[in-house]
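These numbers come from the heavy atoms of this one structure, side chains and all, not from hydrogens, waters or symmetry mates.
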Amino acid sequence: MARSRTGLVRHRRPPRRLLPTGFDGQRLQYTLTQLVPLALFAVGGLWFVLIGRRQRRMDTLGLLLVVLVTGGSATGDG
């Protein structure tokens, strides 16, 4: 890490001589092994959020239907 004139720390890639042997040309593969699972979990989380919103909307519509059919009581007590 090196400090710039503004005092912020800049991260630089390690020099090639410090990388393990056999690592040449595999930086993209390594990056993808980190980003692809992260993206899959993010998409999965978004999927659950959307399902939850849909379910909540369906519950609200069902409750509204019960209130309209029973004449104002959601529990059916009258």
Here the gap from R54 atom CZ to D59 atom CG, rounded to the nearest 0.5 Å, amounts to 11.0 Å

Between the CG atom in L38 and the OG1 atom in T33, the distance rounded to the nearest 0.5 Å is 11.5 Å

Across all chains, not counting sequence neighbours, the side chain to side chain donor-acceptor pair (under 3.5 Å) partners of Q34 are none

To the nearest 0.5 Å, atom CD of Q55 lies from atom OG1 of T60 at 9.5 Å

In this structure, CG of L46 is separated from CZ of F41 (nearest 0.5 Å) by 15.0 Å

